Amino acid sequence: MIGRLNHVAIAVRDIAAASQLYRGTLGATVSDPEALPEHGVTVVFITLPNTKIELLEPLGADSPIAKFLEKNPDGGMHHLCYEVDDIHAARDRLVKSGARVLGSGEPKIGAHGKPVLFLHPKDFNGTLIELEQA
Ligand SMILES: CC[C@H](C(=O)O)C(=O)SCCNC(=O)CCNC(=O)[C@H](O)C(C)(C)COP(=O)(O)OP(=O)(O)OC[C@H]1O[C@@H](n2cnc3c(N)ncnc32)[C@H](O)[C@@H]1OP(=O)(O)O
Ligand SMILES: [Co+2]
């Protein structure tokens with residue numbers, strides 16, 4: 001079911017500083033920041049030869065990553081995103097297996113304009129999983 005690793009997400013307090021770290025110190029190609037108010041984050045993507053790094057900064061009062069940053073003040077690895085061929089079939093299989101699909105259970109459009117879902121970290125070895133329609 002899960003396919004390519006689409007991205008590894010890192011929550012950061014200051015996305016401009018983190019972008020400069022990747023662009024300057026690590027010599028990476030970093031996209032411009034994109035505000036995603038419907039997801040409560042501002043994101044940039046760092047394109048690597050085999051996957052992407054997503055930097056996330058809280059946006060708005062009830063950002064889903066605010067509590068994560070309270071617990072991890074320096075930032076940290078936030079989630080992994082796997083691609084799936086059919087996100088509804090994946091959702092149905094996961095619900096049937098007893099895994100918790102976060103939010104309404106209906107995919108929302110993510111940063112790449114594709115439907116995404118999130119799975120509870122407590123069901124997946126303490127790791128927040130995002131699924132994105134390939
Ligand atoms: C979609 C746009 C973009 C894209 O790529 O396209 C994005 O990726 S946007 C990413 C931001 N959006 C989300 O993260 C949505 C899904 N997240 C959530 O629904 C919540 O953050 C949730 C449910 C994972 C955690 O909710 P909350 O922080 O309010 O609850 P707690 O702090 O009580 O956490 C419960 C429990 O889970 C542990 N936790 C929380 N976040 C993570 C994490 N990222 N990785 C691992 N574990 C996590 C937290 O420590 C608590 O554990 P406990 O042992 O009870 O302390
Ligand atoms: Co993501």
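First listed ligand is number 1; within each ligand, the first listed atom is number 1. The figures that follow rest on heavy atoms only: side chains count, while hydrogens, waters and symmetry mates do not. Bear in mind that the values here come from a model prediction, so they are computed numbers and not experimental data.
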Asker: Can you name the atoms of ligand 1, numbered from 1 with element, that are less than 4.0 Å from a heavy atom of His7?
Answerer: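 With His7 as reference, the close atoms of ligand 1 come out as 5 (O).
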Asker: Would you name the N/O/S atom of Glu54 that lies closest to the Co ion (ligand 2)?
Answerer: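 This residue's closest N, O or S atom turns out to be OE1.
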Asker: Please compare Lys122, His79, His78 and report which has the shortest non-hydrogen distance to atom 43 (C) of ligand 1.
Answerer: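 That would be His78.
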Asker: Is atom CG of Asp85 surrounded by more than 12 heavy atoms (other residues, nucleotides or ligands) closer than 6.0 Å?
Answerer: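 No, CG of Asp85 has 12 or fewer neighbouring heavy atoms, counting only those of other groups under 6.0 Å.
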Asker: Quick one: does Glu132 get within less than 4.0 Å of ligand 1, heavy atoms only?
Answerer: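 For ligand 1, residue contact (heavy atoms, under 4.0 Å) with Glu132 is absent.
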Asker: Tell me whether atom 25 (C) of ligand 1 lies less than 4.0 Å from at least one protein heavy-atom position.
Answerer: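 Protein heavy atom within 4.0 Å of atom 25 (C) of ligand 1: absent.
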Asker: Under 4.0 Å, counting heavy atoms only: does Lys108 come that close to any atom of ligand 1?
Answerer: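 It does not, in that no heavy atom of Lys108 comes within the 4.0 Å cut-off of ligand 1.
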Asker: Which is it for His112 and ligand 1 at heavy atoms under 4.0 Å: side chain, backbone, both or neither?
Answerer: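 For His112, there is no contact with ligand 1 at all, from either part.
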Asker: Tell me, please: is Ala9 in heavy-atom contact with ligand 1, that is, under 4.0 Å?
Answerer: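 No; Ala9 lies far enough from ligand 1 that no heavy-atom distance drops under 4.0 Å.
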Asker: Evaluating non-hydrogen atoms only, which member of Leu102, Val41, Leu36, Leu117 is closest to atom 9 (S) of ligand 1?
Answerer: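 The residue whose heavy atom sits nearest atom 9 (S) of ligand 1 is Val41.
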Asker: Quick one: does any side-chain atom of Thr51 pair with a main-chain N or O of Asn6 as donor and acceptor, under 3.5 Å?
Answerer: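 Yes; at least one donor-acceptor contact below 3.5 Å.
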Asker: Compute whether any side-chain donor of one residue and acceptor of the other, for Glu132 and His7, lie under 3.5 angstrom apart.
Answerer: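 No donor-acceptor contact under 3.5 Å links the two side chains.
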Asker: With carbon and hydrogen excluded and only N/O/S kept, which atom of Glu130 is nearest the Co ion (ligand 2)?
Answerer: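 This turns out to be OE1.
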Asker: Give the atoms of ligand 1, by number and element, whose distance to some non-hydrogen atom of Phe68 is under 4.0 Å.
Answerer: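 Within the 4.0 Å cut-off of Phe68, ligand 1 contributes 43 (C), 44 (N).
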Asker: Measure the acute angle between the ring planes of Phe45 and His112, then classify it against the limits of 30° and 60° as parallel, tilted or perpendicular.
Answerer: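 Phe45 and His112: tilted rings.
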Asker: Return a yes/no value: protein heavy atom under 4.0 Å from atom 20 (C) of ligand 1?
Answerer: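 Within 4.0 Å of atom 20 (C) of ligand 1, no protein heavy atoms are found.
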Asker: Quick one: do Arg91 and Glu106 make a salt bridge, cutoff under 4.0 Å?
Answerer: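 Answer for the salt bridge query: yes.
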Asker: With a 4.5 Å cut-off on side-chain heavy-atom distances among I, L, V, M, F, W and Y, is there a chain of contacts connecting Ile10 to Ile15?
Answerer: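 Linked, Ile10 and Ile15 end up in one cluster.
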Asker: Is the number of heavy atoms from other residues, nucleotides or ligands under 6.0 Å of Arg93 CZ greater than 12?
Answerer: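 For Arg93, atom CZ is not crowded (no more than 12 foreign heavy atoms under 6.0 Å).
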Asker: Suppose I only count heavy atoms of Glu130 and a 4.0 Å limit; which atoms of ligand 1 are within that range?
Answerer: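 Here the atoms of ligand 1 in question are 1 (C), 4 (C), 5 (O), 6 (O), 8 (O).
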Asker: More than 12 heavy atoms of other residues, nucleotides or ligands under 6.0 Å from CE of Met1: is that the case?
Answerer: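 Yes, CE of Met1 has more than 12 neighbouring heavy atoms, counting only those of other groups under 6.0 Å.
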Asker: So, Gln133 versus His88: side-chain donor-acceptor pair below 3.5 Å or not?
Answerer: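 No.
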Asker: Identify, by atom number and element, the atoms of ligand 1 in contact range of Gly110, meaning under 4.0 Å from any of its heavy atoms.
Answerer: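 That gives atoms 1 (C), 6 (O) of ligand 1.
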Asker: Could you pull out, from His39, Lys67, Lys71, the option with a heavy atom nearest to atom 30 (O) of ligand 1?
Answerer: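 Nearest option to atom 30 (O) of ligand 1, by heavy atoms: Lys67.
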Asker: Between Pro107, Pro115, Pro64, Ala111, which one has a non-hydrogen atom sitting closest to atom 13 (C) of ligand 1?
Answerer: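 Looking at heavy atoms only, the winner is Pro64.
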Asker: Starting from the Co ion (ligand 2), look over the N/O/S atoms of His79 and name the nearest one.
Answerer: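 Closest N, O or S atom of His79 to the Co ion (ligand 2): NE2.
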